Colleague: 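Just dropping this structure here.
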Amino acid sequence: MLQLNYIQENREEVLRKLAVKNFHNTELIHEIISLDQKRKETQKNLDDNLAEANNLAREIGNLFKEGKAKEANEIKEKTAGLKRENKELANTLEVITRELKELLLEVPNIPHESVKPGKGEEDNECLFEEGSIPETQEPASPHWELAEKYNIIDFNLGSKVSGAGFPFYRGKGAKLQRALISFFLDEAIAAGYEEFQPPLFVNEESAYGTGQLPDKEGQMYHITEDRLYPIPTAEVPITNIYRDVILKEEQLPVKNVAYSSCFRREAGSYGKDVRGLNRLHQFDKVEIVQIQHPDRSYQTLEEMKDHAAGLLKKLALPYRILRLCGGDLSFTSALTYDFEVYSAAQKRWLEVSSVSNFESYQANRMKLRFKGQGKARLAHTLNGSALALPRIVAALLENNQTEKGIRIPELLVPYTGFEMID
RNA sequence: GGAGAGGUGGCCGAGUGGUCGAAGGCGCACGCUUGGAAAGCGUGUAAGCGCCAAAAGCGCUUCGAGGGUUCGAAUCCCUCUCUCUCCGCCA
């Protein structure tokens, strides 16, 4: 969430920039500011009262020690009213604080100045495109047909055992998954990231920390009995490592990478766009996360963007990079680059990665700070998929189909141990 | 799942109702000392919120979390949580 002081001191600027994200709730901002005013007043009163109570308590202690029990008891009576008053003030303060936090959670992150306004997907700006659209022999098969033909992914079995959106990978399909995961991890490690294997279930605090709660509640599975959430992305456990942490400045940047399964309810539409691997309830992803000094976070974002691009290049997939417009930017992000690969048989672009700078929005929520010379400051958090598997697999299958079978990209062969799926 | 012991500052560790944000030590920073270093000596060493233009200063909160008792809680009571030891179960 945004910092209160920042909102207060830059009210007009905040409103102007949020408008880029199609956020026009001026009233909310004003309400927050006036509620904070009320908070300060209440706290001042409470603090003064508590100071007085502390003084009286000290006095009573001294009097008892000197054996002046009578005087002590007289003062004691004075404290009764004060106590009642304080309890009330404390309650008021708590209500205000809670309400303030709730309101603050409704304010999205401020977009970076390079973000252009726009309604949605259609207004995203294409920054870069590389690789040629492959010429597949007609008729080119979509991946769900290829998956069946070569018996490498079984959607029906998944439906039987779990439900739609939970496929089985088998044989060379399973090996391909494992190869991609290893490849992505190795590339990240070579780029200086530390590998983590995170828990796949997180508690409520963590879900709030990275912003899945309260705004995206319906997207996560929820194990109510134990109050745990299966992670929708490794970003959640990996970033939350640093919840309530004050790092030393020289520890920055923190570079972490994690492979994990991801779980998403995604109660969405059905049809061609979500067929096969296009949208799943469970999928695999390698996620990179960085925690960086505010002065260098945009440099880092570029570095992470290049990392993701490098992976696609090595897999020889045609891809493009989009800079999301205000309307398509997520609630918590300041700037996001989306990566899409071209799927030859489906004749459309598929999103395979999203690289974002959250600036201090997540950090403020989870009190992630760093300390150099002066006071502790909020750090910046960034993350990106590097990469998400299912659509990569879909594109690999479709783009690399030949009469003899599906050709594995050269750089991946050491990981798969085979050159063809046939 | 059962029984017991614990959770104190960056770390170790003292503290069982009053002046304790907390002894002592380690670490770290600065200074003195030294030709230089070590040792030694001295000083400092949490975060958040508020008052203040700001600094200084002051006030409030924080000893796993939440609640309670009390004029006053790190210290007493209750609930939760985590860690350790033993037993049970188990990949």
Side-chain angles (χ1 to χ4, degrees), chain A residues 1-10 32-105 197-209 223-229 237 240-252 254 261 291 360 362-379:
Chain A
M1 58 192 177
L2 296 176
Q3 289 171 271
L4 252 172
N5 287 343
Y6 183 81
I7 296 179
Q8 233 148 26
E9 284 158 27
N10 307 281
I32 285 171
I33 292 174
S34 72
L35 195 59
D36 188 47
Q37 211 50 50
K38 220 162 117 192
R39 193 206 101 235
K40 282 182 189 170
E41 281 164 27
T42 312
Q43 187 166 56
K44 180 92 178 88
N45 286 339
L46 179 60
D47 283 358
D48 289 348
N49 275 4
L50 285 173
E52 197 185 336
N54 284 343
N55 284 332
L56 290 176
R58 215 165 297 146
E59 221 175 297
I60 291 169
N62 287 334
L63 287 172
F64 270 126
K65 234 178 238 171
E66 291 164 25
K68 298 176 183 166
K70 203 172 146 204
E71 278 138 307
N73 281 321
E74 276 168 28
I75 300 177
K76 252 193 200 183
E77 279 165 32
K78 274 208 286 188
T79 61
L82 204 57
K83 258 182 102 173
R84 218 174 311 117
E85 204 176 315
N86 283 349
K87 195 148 197 177
E88 236 166 81
L89 279 170
N91 282 341
T92 313
L93 186 64
E94 206 204 307
V95 170
I96 291 176
T97 310
R98 201 182 321 123
E99 198 179 331
L100 196 55
K101 186 157 185 202
E102 272 166 28
L103 292 179
L104 225 35
L105 285 174
Q197 273 199 35
L200 301 181
F201 297 169
V202 296
N203 58 26
E204 215 164 78
E205 286 90 336
S206 297
Y208 270 100
I223 299 166
T224 50
E225 179 121 59
D226 299 295
R227 288 199 276 170
L228 290 169
Y229 295 84
N240 271 286
I241 293 172
Y242 305 95
R243 174 152 48 82
D244 294 317
V245 166
I246 300 177
L247 294 162
K248 293 196 189 98
E249 185 166 353
E250 58 269 24
Q251 286 177 272
L252 301 176
V254 172
S261 293
I291 295 163
S360 60
Q362 287 182 330
N364 188 34
R365 229 185 241 208
M366 63 178 132
K367 301 274 165 291
L368 158 51
R369 287 162 292 175
F370 72 93
K371 199 175 166 166
Q373 285 299 317
K375 280 186 83 174
R377 295 171 62 191
L378 291 174

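Within every chain, numbering begins at 1; the chains are lettered A, B, ... in the order of the sequence lines, protein sequences first and strands thereafter. Note that these values count all heavy atoms, side chains included, but never hydrogens, waters or copies made by symmetry. Predicted model, so just to flag it, every value in this text is computed and none were measured.
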Colleague: Are the side chains of A:Leu56 and A:Leu82 in touch, meaning some heavy atoms are under 4.5 Å apart?
Modeller: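 Side chain of A:Leu56 against side chain of A:Leu82, heavy atoms only: contact under 4.5 Å found.
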
Colleague: Could you work out the separation of B:rC26 and B:rU83 based on their C1' atoms and round it to a whole Å?
Modeller: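 Approximately 23 Å lies between the C1' atom of B:rC26 and that of B:rU83.
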
Colleague: Determine, step by step, whether A:Asn240 and A:Met366 satisfy the side chain to side chain contact (heavy atoms under 4.5 Å, CB included) criterion, reporting the C-alpha distance in whole Å, the side-chain angles of both residues, the deciding distance to 0.1 Å, and the verdict.
Modeller: CA-CA 8 Å; A:Asn240 271 286; A:Met366 63 178 132; 3.9 Å; yes

Colleague: Is the shortest distance from a Lys or Arg side-chain nitrogen in A:Asp47 or A:Lys44 to a carboxylate oxygen in the other one below 4.0 Å?
Modeller: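 Not counted as a salt bridge, because no side-chain N and carboxylate O are separated by less than 4.0 Å.
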
Colleague: If you look at every strand shown and take non-hydrogen atoms under 4.0 Å, does A:Lys76 touch a base, only sugar-phosphate, or nothing?
Modeller: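 Since a base atom lies under 4.0 Å of A:Lys76, the category is base.
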
Colleague: What interatomic distance, in whole Å, is found between P of B:rG17 and the corresponding atom of B:rC77?
Modeller: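 Their P atoms lie roughly 12 Å apart.
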
Colleague: Taking the side chain of A:Lys44 as heavy atoms from C-beta outward, which of B:rA47, B:rC71, B:rC51 is closest to it?
Modeller: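 Nucleotide nearest to A:Lys44's side chain: B:rC51.
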
Colleague: Taking the side chain of A:Ala57 as its heavy atoms from C-beta onward, which of B:rG50, B:rC60, B:rC71 lies nearest to it?
Modeller: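 Among B:rG50, B:rC60, B:rC71, the one nearest the side chain of A:Ala57 is B:rC71.
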
Colleague: Looking at every strand, decide which applies to A:Lys38 at a 4.0 Å heavy-atom threshold: base, sugar-phosphate, or nothing.
Modeller: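 The residue A:Lys38 makes no contact with any strand.
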
Colleague: What integer distance in Å separates A:Asn54:CG from B:rU61:P?
Modeller: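 After rounding, the reported distance stands at 5 Å.
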
Colleague: Would you call A:Arg98 and A:Glu94 a salt bridge, taking side-chain N to carboxylate O under 4.0 Å as the test?
Modeller: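 Salt bridge: yes.
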
Colleague: For B:rC80, what is the paired nucleotide under Watson-Crick or G-U wobble rules, both distances under 3.5 Å?
Modeller: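 Partner of B:rC80: B:rG64.
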
Colleague: Do A:Glu204 and A:Tyr229 touch side chain to side chain, with heavy atoms closer than 4.5 Å?
Modeller: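 Side-chain contact under 4.5 Å: yes.
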
Colleague: Measure CG/A:Asn364 against C1'/B:rC49 and give the value in whole Å, please.
Modeller: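 Going from A:Asn364 (CG) to B:rC49 (C1'), I get 14 Å.
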
Colleague: Rounded off to whole Å, could you give me the CD-to-C1' distance for the A:Gln37 and B:rG50 pair?
Modeller: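 From A:Gln37 CD to B:rG50 C1': 12 Å.
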
Colleague: With rounding to the closest Å, how many angstrom separate the C1' atoms on B:rC52 and B:rC58?
Modeller: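 That atom pair is separated by 10 Å.
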
Colleague: Take atom CG of A:Leu378 and atom P of B:rG48, then tell me their distance rounded to the nearest Å.
Modeller: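 One finds 9 Å between P of B:rG48 and CG of A:Leu378, rounded.
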
Colleague: With respect to the phosphate group of B:rG72, does any side-chain polar atom (N or O) of A:Asn55 fall under 4.0 Å of OP1 or OP2?
Modeller: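 So the side chain of A:Asn55 is outside the cut-off, no N or O lying under 4.0 Å from OP1 or OP2 of B:rG72.
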
Colleague: Go through B:rG50, B:rC60, B:rC71 for me and flag the one nearest to the A:Thr79 side chain.
Modeller: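 My answer, after comparing the listed nucleotides, is B:rC71.
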
Colleague: Counting only Watson-Crick or G-U wobble pairs whose two distances fall under 3.5 Å, which nucleotide matches B:rU69?
Modeller: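 Across all strands, not a single nucleotide pairs with B:rU69.
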
Colleague: Of the candidate nucleotides B:rC71, B:rA47, B:rC49, which contains the atom at the shortest distance from the side chain of A:Gln43?
Modeller: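 So the side chain of A:Gln43 is nearest to B:rC49.
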
Colleague: Can any side-chain N or O of A:Asn73 pair as donor or acceptor with the backbone N or O of A:Ala69 at less than 3.5 Å?
Modeller: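 Side chain of A:Asn73 to backbone of A:Ala69, a donor-acceptor pair under 3.5 Å: yes, one is there.
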
Colleague: To the nearest 0.5 Å, tell me how far A:Leu228 CG sits from A:Asn203 CG.
Modeller: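 Answer rounded to 0.5 Å: 7.0 Å.
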
Colleague: Please tell me which of A:Glu94 and A:Asn5 maps to the more 5' nucleotide of RNA chain B, matching each residue to the nucleotide holding its nearest heavy atom.
Modeller: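 The answer here is A:Asn5.
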
Colleague: NZ of A:Lys83 versus P of B:rU70: gap in Å, rounded?
Modeller: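 After rounding, the reported distance stands at 6 Å.
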
Colleague: Between A:Lys375 and B:rA55, is there a side-chain N or O to OP1/OP2 distance below 4.0 Å?
Modeller: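 Looking at the OP1 and OP2 atoms of B:rA55, neither is under 4.0 Å from any side-chain N or O of A:Lys375.
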
Colleague: Over how many whole Å does the gap from A:Leu104 atom CG to B:rC49 atom P extend?
Modeller: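 My rounded result for the distance is 13 Å.
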
Colleague: Roughly, in whole Å, what's the span from CG in A:Leu4 to P in B:rG48?
Modeller: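 For the pair A:Leu4 CG and B:rG48 P, the rounded distance is 15 Å.
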
Colleague: Looking at A:Lys371, does any N or O in its side chain come under 4.0 Å of the phosphate oxygens OP1/OP2 on B:rA47?
Modeller: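 For B:rA47, OP1/OP2 do have a side-chain N/O of A:Lys371 under 4.0 Å.
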
Colleague: Grab the CZ-P distance between A:Phe370 and B:rA47 for me, whole Å please.
Modeller: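 About 14 Å, once rounded to whole Å.
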
Colleague: Report the residue (A:Arg39 or A:Phe64) whose heavy-atom-nearest nucleotide on RNA chain B is the more 5′ of the two.
Modeller: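 The residue mapped nearer the 5' terminus is A:Phe64.
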
Colleague: If pairing requires Watson-Crick or G-U wobble contacts with both distances under 3.5 Å, which nucleotide is the partner of B:rC32?
Modeller: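 Pair assignment: B:rC32 / B:rG40.
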
Colleague: Among B:rG50, B:rU61, B:rA47, find the nucleotide with the atom closest to the side chain of A:Arg369.
Modeller: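 Side chain of A:Arg369 sits closest to B:rA47.
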
Colleague: Reckon A:Leu56 touches a base, only the sugar-phosphate, or nothing at all at heavy-atom distances under 4.0 Å?
Modeller: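 It contacts nothing in the nucleic acid.
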
Colleague: Which base, if any, makes a Watson-Crick or G-U wobble pair with B:rC49, both distances under 3.5 Å?
Modeller: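 The base-pairing partner of B:rC49, which may sit in any strand shown, is B:rG59.
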
Colleague: If pairing requires Watson-Crick or G-U wobble contacts with both distances under 3.5 Å, which nucleotide is the partner of B:rG1?
Modeller: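 Paired with B:rC87.
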
Colleague: Where the side chain of A:Ala376 is defined as all heavy atoms beyond and including C-beta, which of B:rC71, B:rG48, B:rC60 is the nearest nucleotide?
Modeller: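 Among B:rC71, B:rG48, B:rC60, the one nearest the side chain of A:Ala376 is B:rG48.
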
Colleague: For the side chain of A:Ala51, starting at C-beta, report the closest nucleotide among B:rC60, B:rC71, B:rA47.
Modeller: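 Looking only at side-chain atoms, A:Ala51 lies closest to B:rC60.
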
Colleague: Below the 4.0 Å mark, does B:rC71 have OP1 or OP2 next to a side-chain nitrogen or oxygen of A:Asn73?
Modeller: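 For B:rC71, neither OP1 nor OP2 has a side-chain N or O of A:Asn73 closer than 4.0 Å.
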
Colleague: Paired with B:rG10: which nucleotide, if any, by Watson-Crick or G-U wobble criteria at under 3.5 Å for both distances?
Modeller: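 Matched B:rG10 with B:rC26 under the 3.5 Å cut-off.
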
Colleague: With the side chain of A:Asp47 defined as its heavy atoms from C-beta on, choose the nearest nucleotide among B:rG59, B:rU61, B:rC71.
Modeller: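 Nearest to the side-chain atoms of A:Asp47, counting from C-beta on, is B:rG59.
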
Colleague: Nearest heavy-atom pair of A:Met1 and A:Arg365: which atoms, and what distance?
Modeller: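 The pair with the smallest heavy-atom distance is N-NE, 3.8 Å.
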
